Amino acid sequence: TLGDAIARTMRMLGYNVLHPMGWDAFGLPAENAAIQRGADPNVWTRENIENMERQVRLMGTGYDWSREIATCDPEYYRWNQWLFLRLYERGLAYKREAPVNWCPNDQTVLANEQVIDGRCWRCDHAVERRNLSQWFLKITQYAERLLGDLEKLEGWPERTRAMQRNWIGRSEGTQFSFGVENSEERISVFTTRVDTVFGVTYLAVAPEHPVVEKIVTNKHRSAVREFAESLKSRSELERTSLMEKQGVFTGAHALNPLSNERIPIWVTNYVLAEYGTGAVMGVPAHDERDFDFARKRGLPVAQVIIAPGTDVQAPLQAAYVEDGRLIASGDFTGMSSARARKAITDRLAALGLGEAQINYRFRDWLVSRQRYWGTPIPIVYCEQCGEAAVPDDQLPVLLPQNVPITGEGSPLARDPAFTNTACPQCGGPARRESDTMDTFFESSWYYLRYLDPHNARAPWNPEKARHWMAVDQYIGGAEHAVLHLLYSRFFYKFFHDQGWVFGADEPFTRLFHQGMVLYNGEKMSKSRGNVVGIDQTAETNGVDAMRLFLLYVTPPEDTSDWTDEGISGRVRFVNRVWRACEPFFDRARSTDVRAIPRVDTPEEKALVRAVHVAAKSAIDETLSRRFHYNATIAKLDEYVNALTALEQSKPDSAAVHYAVHALPLVIAPFAPHIAEELWERMGHTASVHLERCIEPSAEALAVDEITLVVQVNGKIRARVQAAPGITEDEALKLAMEQTGVQAQLDGKEVRKRIYVPDKLLNLVVG
RNA sequence: GGGAUGAUGGUGGAAUCGGUAGACACAGCAGACUUAAAAUUUGCUGCUUGAAAGAGCGUCCGGGUUCGAGUCCCGGUCAUCCCACCA
C-alpha cells in the first residue's frame, strides 16, 4: 500500500515509474507443506501465488503485471544457474569442507546470517555444528567495499547501516605466531592488543584446532580428547551463552617470541575455531575473559599496561582493558599503547613472525541447501574429471517433478533419474550435485530481471540496466538488513565489476523500512490463526478504507496495529467523500479543476486553501522520502470536513465546486477506486490516474490573517489576530493593547524584543 | 559488554527550521434526529483549580545552552532492535 501510494503520486507528478511485482517462490514453506499434507510444492506454490496475486489486485495495487516474475520458474532460475557459473568461473563460488550450521529439524545447512541467537531463522530449532563439504560464495572478498560503501548510502536508515557494519565486524590488529617447545609447530594468534604481548601468561586454543593433536603430551592426551568430545555434543548455543569458561592443559608450552617466556598451552571452550586463527594469547591483566579464565585456573596475572598518570599498583582486582602506558615490556616499556601496537607489530614483522592484519567477523556465504524446492546447483561430479560446470547451453538444469519429499535427507540425492548424468567434459558417467541454492541467491538480483523479464539470451540487457538502475526507492522489512540487503549489495558489486551494470556499484539508492502490521497487538501469522481475512475485511469496509487506514494509523516505518474499531474512521471518511460529491454528479464538468476560483468569504478561502494544503502534503511527503502519509490523510480529513461544512451553508459557492471536483485528484493515490468512480461520474472520460496532480499554488496557500503570539519573558501572555506581513512596530502596538501583556509588564522596562515575522513577539523585561 | 533507535492525553499519532504542544482520528461523555436501534449530526474531552473568565502545571527523570527547548547539549532511567566469550 505504501509503495503503491508512492508510485501513484510520483506518476501523477509526471515521473516515469517502474513499479513491478514478483514472487520469491522457492524455499522451505512450500516444502514443509509438501511434507505435512503431501502437496506438490510446485502446485502448492502456484496456488499461493494465485491467491496472493488476487489479493494484491483486490487492494488496487497498480503494478506493471507484464513484468511479473516468479523465481521458481525455469525461465528465471536458469539465470540463477548462469550467474552461479559466472561466480564459479571467477573463483567466487567454491566447495569446501568446513564447520557449518546444521538445522536438524529442517535437515539442511544454513548461512550464518540465517542463524538467529543460535537458532534456525525458519523453525527456531537450535542449530548444530557439523563438518560438511558445502558450496560457499566468497562474499568476504568484498568485505572492505561492502563496509566502506555504507558511508555512501545516505539514503539508507542509519540503523541498517549500523547493522551491516556490526555484522561485517572489521577489526584491525596483528597476527603473529608462537613457537612450541620441543616441536616444529607454530601457533598463530590474532590480537587487537599486541601492546599487551609482554603480559601473555598462557595460550588458549580451540579444541578443534589441528595443532592440538600434534602438541598434546601423552600424559594429557586423554583429558584433552575427553574435553573436546564433551563440547562436540553441545550446540553452538550452549557453547557460547550457557557455559562457563572451561579448559584443560595440553602439557605443551609455547615461547613468547618477544620475552622468550615459557607459557602453558591450554585448550579452552571460549576460543572459537572459526574466528581469527582459532588460537588466542591469554593476557589476564588486560582482557576480561582471560582474567576470568586465569582466576579459575590459577594462572598468573602479569600487568604490563598502567593508566596514564598512575605508577605502582596493587594486584589487579579486574582486568584493566583501557589503553595506557607500557611497563615491564622490554624495549617497549614507557610507550603509549597506540605507539607500542605499531612498534611491536613492526618488530614481529622484522622477525618474520607476523604482520598487521584486518579480520572480519562475517564469513563466506554458505549457499547450498539439502532441500528440494530451490534452484539446482549446476555442477556435476565425474569419476574421471572431478568437479565440472554444466555448460551454459545445457541450462537450465531442471528441477525434477514428483520427487518424494519426506523431510529426511536431500530429496534430489535419492532421485537417480536426476543425479545420474554424463560428464560434460568426457561424456563418462557422472553424478549431479543434489544440493539446491539458498533462496537468497535468487532474491539478490531479481530487481534486475524486472527490467528485462522475458530476455531469453541473458539475465538482463546491460543497456536496460544503464537506463533504469539503480533502484531509486527500495521498500522492505528491516529483518533483511544483514540478509537480502547485504547479499544484494555483494551481487551488484560483482555485476558492476563484470560490466553488466553501470554507474554506482550499489543497487538501492534509497531504502525505506516499512513497519510490521499487527492485529490487536499480535503478530499476524497463520500459526496464530489471526491473519485478517483480506477478502472479508475488504467486503465489510471497502478496499479504499483499508488502504487509507493502513497509511493513517501510524508513520510507515513504525509497527502498526490493525484494530477493527480503528478502521471505522476511514470508512466514515470514504462515505463522507461520497456524500459530499454526490450532488454534483449530474453537473458534468461544471468546473475547471486547474483554475483556482475567485472567492469572497474567509470560509471559501479556507476551503480552497485546504485543497492545496492536502495536495501539497502528499507531494512533500513523497519527494522528501518521509512518506508520512498519515499527516497527509489528516489534511484530507480537514479538507473534507471544511467541504462538508461549507456545502451545508453555501452549496453553490465556486469554492465548493472547486473542492468537489479537485477531490478525486487529491485522493487518487490513496483511495484509487472511489477517486476513479467520482471522476467518471463528474463527467470525465479518461482515468483520473492518468491526470497530473494538483499543483500547490502559493496564492491559494496564502492566508489573510495570522495569529501572532505575544510572549513576555518567553511565556505566552496573549494571541492577537493580524494581517500577514505586519511590521514589528505595529505588532508591538497591538501587543501593548492586550491586558494580559500590560499586567505582566507592569511598568517595567522592555530590555529586548524578539520578533519572528507573522509568528511571535517576545518582550524581555528586567 | 558494544552499537542503533525511540519515550508526547484513555489510545494511534501531529508539531519537517529552536517559536501557539496535543492537528487529525479512535475510544468516551452529553445533546439533536428516530417509536427504537443503526447511520448521520452538534458540542465537550491533557492535568490541577475555578460557577465562569481565568490562573498554575504539563512532551520519561535530572542538569545545561537560549529571549524562547517536545525539538539542541551533558548525565541517567526504561523500551525495542542488531552484534557479542570476535581475542
Side-chain angles (χ1 to χ4, degrees), chain A residues 116-117 157-171 173-175 189-194 196 204 239-241 243-245 268-272 274-283 286-290 292-293 321 359-362 478-479 481-482 513 548-549 552-555 557-561 563-570 572-573 575-576 579 617 620-621 624 626 628 630-641 644 648 706-716 718-719 740 750-765:
Chain A
I116 315 292
D117 294 330
E158 174 53 32
R159 66 173 164 138
T160 310
R161 295 195 276 167
M163 275 188 220
Q164 292 207 356
R165 242 177 255 129
N166 262 337
W167 184 259
I168 294 168
R170 183 182 198 268
S171 87
T174 305
Q175 186 167 318
V189 299
F190 173 76
T191 178
T192 55
R193 291 299 304 274
V194 79
T196 65
R239 258 182 83 171
T240 53
S241 53
M243 277 170 64
E244 270 193 277
K245 286 186 183 55
T268 68
N269 64 341
Y270 77 93
V271 175
L272 306 175
E274 306 87 49
Y275 182 77
T277 62
V280 179
M281 62 182 207
V283 187
H286 304 294
D287 182 280
E288 281 171 22
R289 296 170 303 247
D290 298 346
D292 191 17
F293 185 73
V321 298
N359 260 359
Y360 297 95
R361 204 183 48 73
F362 80 150
E479 68 276 13
V482 292
H513 289 311
L548 286 163
F549 178 65
Y552 184 63
V553 248
T554 181
E557 62 272 27
D558 292 351
T559 301
S560 56
D561 194 4
T563 60
D564 295 326
E565 305 91 67
I567 197 173
S568 61
R570 294 306 97 198
R572 281 176 206 156
F573 172 80
N575 290 339
R576 230 174 319 160
R579 280 198 305 272
S617 171
D620 288 350
E621 291 298 338
S624 70
R626 233 170 61 111
H628 284 201
N630 54 329
T632 301
I633 294 171
K635 291 185 168 71
L636 289 174
D637 274 327
E638 296 186 58
Y639 172 176
V640 175
N641 288 346
T644 311
Q648 301 289 315
I706 52 109
T707 304
L708 189 75
V709 172
V710 183
Q711 296 183 333
V712 178
N713 287 342
K715 278 200 177 288
I716 295 163
R719 293 184 174 91
V750 175
R751 282 196 293 130
K752 194 172 172 185
R753 274 186 311 194
I754 286 100
Y755 183 62
V756 184
D758 291 351
K759 279 224 166 110
L760 161 142
L761 176 69
N762 187 10
L763 304 173
V764 186
V765 298

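Remember, predicted model here, so these are calculated numbers, not experimental data. First the proteins, then the strands, lettered A, B, ... as listed; each starts at 1.
Using a 4.0 Å cut-off, no side-chain N or O of A:R165 falls inside it from OP1 or OP2 of B:C82. Regarding contacts with the backbone of B:A25, a side-chain N or O of A:N641 is found under 4.0 angstrom from either OP1 or OP2. Using a 4.0 Å cut-off, no side-chain N or O of A:S624 falls inside it from OP1 or OP2 of B:U16. In this model, the phosphate group of B:A87 is approached by a side-chain N or O of A:S171 to a distance below 4.0 Å at OP1 or OP2. For A:R579 and B:U41, the shortest distance from a side-chain N or O to OP1 or OP2 is below 4.0 Å. A sub-4.0 Å separation between OP1 or OP2 of B:G68 and a side-chain N or O of A:R753 is absent.
Residues A:S171 and A:R361 fail the side-chain proximity criterion, which asks for heavy atoms closer than 4.5 Å. For the pair A:V765 and A:N713, the minimum side-chain heavy-atom distance is below 4.5 Å. A 4.5 Å side-chain heavy-atom check between A:E621 and A:H628 finds at least one atom pair inside the cut-off.
You'll find that the side chain of A:W167 is closest to B:C83, out of B:A87, B:C26, B:C83. Relative to the side chain of A:N630, the nucleotides B:U40, B:A14, B:G68 differ in distance, and B:A14 lies closest. Listed nucleotides B:A87, B:U16, B:G13 differ in distance to A:R626; the shortest reach to its side chain belongs to B:U16. Taking only side-chain atoms of A:R572, from C-beta outward, the nucleotide of B:A25, B:U20, B:C26 with the closest atom is B:C26. The side chain of A:I754 approaches B:G19 more closely than any other nucleotide in the set B:G19, B:A27, B:C24. For A:I716, the listed nucleotide lying nearest its side chain is B:A21; candidates were B:A21, B:G19, B:A14. Distances from the side chain of A:V709 to the nucleotides B:A87, B:G19, B:U20 place B:U20 closest. Closest contact between the side chain of A:E565 and the listed nucleotides B:A4, B:C24, B:A27 involves B:A27. The listed nucleotides are B:A25, B:G13, B:C81; the one nearest the side chain of A:P555 is B:G13. For A:L272, the side-chain atoms get nearest to B:A87 when compared with the rest of B:A14, B:C24, B:A87.
When the P atom is compared between B:G10 and B:G6, the two are found 24 Å apart, to the nearest whole Å. Spacing between B:C61 and B:U77 at atom C1', rounded to whole Å, works out to 7 Å. Rounded to a whole angstrom, the distance from the C1' atom of B:G76 to that of B:G28 is 37 Å. As rounded to the nearest Å, B:C73 and B:G50 have C1' atoms that lie 40 Å from one another. Using atom P as the reference point in both B:A14 and B:C60, the two lie 15 Å apart (nearest Å). To the nearest whole angstrom, the two P atoms, one in B:U42 and one in B:A52, are 25 Å apart. Taking atom P in both B:A7 and B:U71, the straight-line distance is 10 Å, to the nearest Å. If you take atom P in B:G19 and the same atom in B:A87, they sit 43 Å apart, rounded to whole Å.
When Watson-Crick and G-U wobble pairs are counted only if both distances are under 3.5 Å, B:G54 pairs with B:U49. Base pairing analysis places B:U66 opposite nothing; no Watson-Crick or G-U wobble pair with both distances below 3.5 Å involves it. Nucleotide B:U71 forms no Watson-Crick or G-U wobble pair with any nucleotide shown, as no partner meets the under 3.5 Å limit on both distances. When Watson-Crick and G-U wobble pairs are counted only if both distances are under 3.5 Å, B:C17 pairs with no nucleotide at all. Nucleotide B:A38 forms a pair with no other nucleotide shown, judged by Watson-Crick or G-U wobble geometry with both contacts under 3.5 Å. The partner of B:C33 cannot be assigned: no Watson-Crick or G-U wobble pair with both contacts below 3.5 Å exists in any strand. With both pairing distances under 3.5 Å, B:G6 is matched to B:C78 as a Watson-Crick or G-U wobble pair. As the counterpart of B:G12, B:C24 is assigned, both hydrogen-bonding distances of the Watson-Crick or G-U wobble pattern falling under 3.5 Å.
Remark: A:R570 qualifies as a cation-pi partner of A:Y552 under the 6.0 Å distance and 45° angle criteria applied to the six-membered ring. Seen from the ring of A:F573, A:R576 does not count as a face-on cation partner, given the 6.0 Å and 45° thresholds.
Looking at heavy-atom distances under 4.0 Å, A:Y552 makes contact with a base. Across all strands shown, A:N762 has heavy atoms under 4.0 Å from base atoms, whether or not it also approaches the sugar-phosphate. Within 4.0 Å of A:V756, counting heavy atoms only, lies at least one base atom of the nucleic acid. Across all strands, A:S568 comes closer than 4.0 Å only to sugar-phosphate atoms, never to a base (heavy-atom distances). Nucleic acid contact for A:G276: none, since no nucleic acid atom lies under 4.0 Å from a heavy atom of the residue. Among the protein residues, A:E621 comes within range of the nucleic acid bases, having at least one heavy atom under 4.0 Å from a base atom.
Between A:Q648 atom CD and B:A32 atom C1' there is a gap of 14 Å when expressed in whole angstrom units. A:D292 places its CG atom 20 Å from the P atom of B:A84, with the value rounded to the nearest Å. Between the C1' atom of B:C85 and the CZ atom of A:F293 lies a distance of 12 Å, rounded to the nearest Å. Atoms NE2 (A:H513) and P (B:A4) sit 16 Å apart, rounded to a whole Å. Spacing between atom CG of A:L761 and atom C1' of B:G19 amounts to 12 Å, rounded to whole angstrom units. Atom CG of A:L636 is separated from atom P of B:C24 by 14 Å (rounded to the nearest Å). Atom P of nucleotide B:U16 and atom CD of A:E557 are separated by 15 Å, given to the nearest angstrom. Counting to the nearest Å, the P atom of B:G12 and the CG atom of A:D637 are 19 Å from each other.
A:K752 contributes no side-chain N or O that forms a donor-acceptor pair with the base of B:C67 under 3.5 Å. The base of B:C83 lies outside donor-acceptor range of the side chain of A:N166, with no N or O pair under 3.5 Å. Side-chain N/O atoms of A:R719 and base N/O atoms of B:U20 include a donor-acceptor pair closer than 3.5 Å. If you check distances only, the side chain of A:Q711 does reach the base of B:G19 with a donor-acceptor pair under 3.5 Å.
If you find the closest nucleotide of RNA chain B to A:D290 and to A:E158, the one lying nearer the 5' end belongs to A:E158. Remark on RNA chain B: of its neighbouring residues A:K715 and A:S617, the 5'-side contact belongs to A:S617, judged by nearest-heavy-atom nucleotide.
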With salt bridge (charged side-chain N to carboxylate O under 4.0 Å, His left out) as the criterion, how do A:K635 and A:E638 come out once you've worked through the C-alpha distance, each side chain's angles and the decisive distance to 0.1 Å? CA-CA 5 Å; A:K635 291 185 168 71; A:E638 296 186 58; 5.6 Å; no

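Using bins of under 30°, 30° to 60° and over 60° for the plane-to-plane angle, the ring pair A:Y270/A:F293 lands in the tilted bin.
A pairwise comparison of heavy atoms in A:D292 and A:K245 identifies OD2-NZ, 3.3 Å as the closest pair.
Base orientation of B:G54: anti, the glycosidic angle falling outside 90° of 0. Glycosidic conformation at B:C17 (O4'-C1'-N9-C4 for purines, O4'-C1'-N1-C2 for pyrimidines): syn, within 90° of 0.
In this structure, A:N762 contributes its side chain and A:I754 its backbone to no donor-acceptor pair below 3.5 Å.
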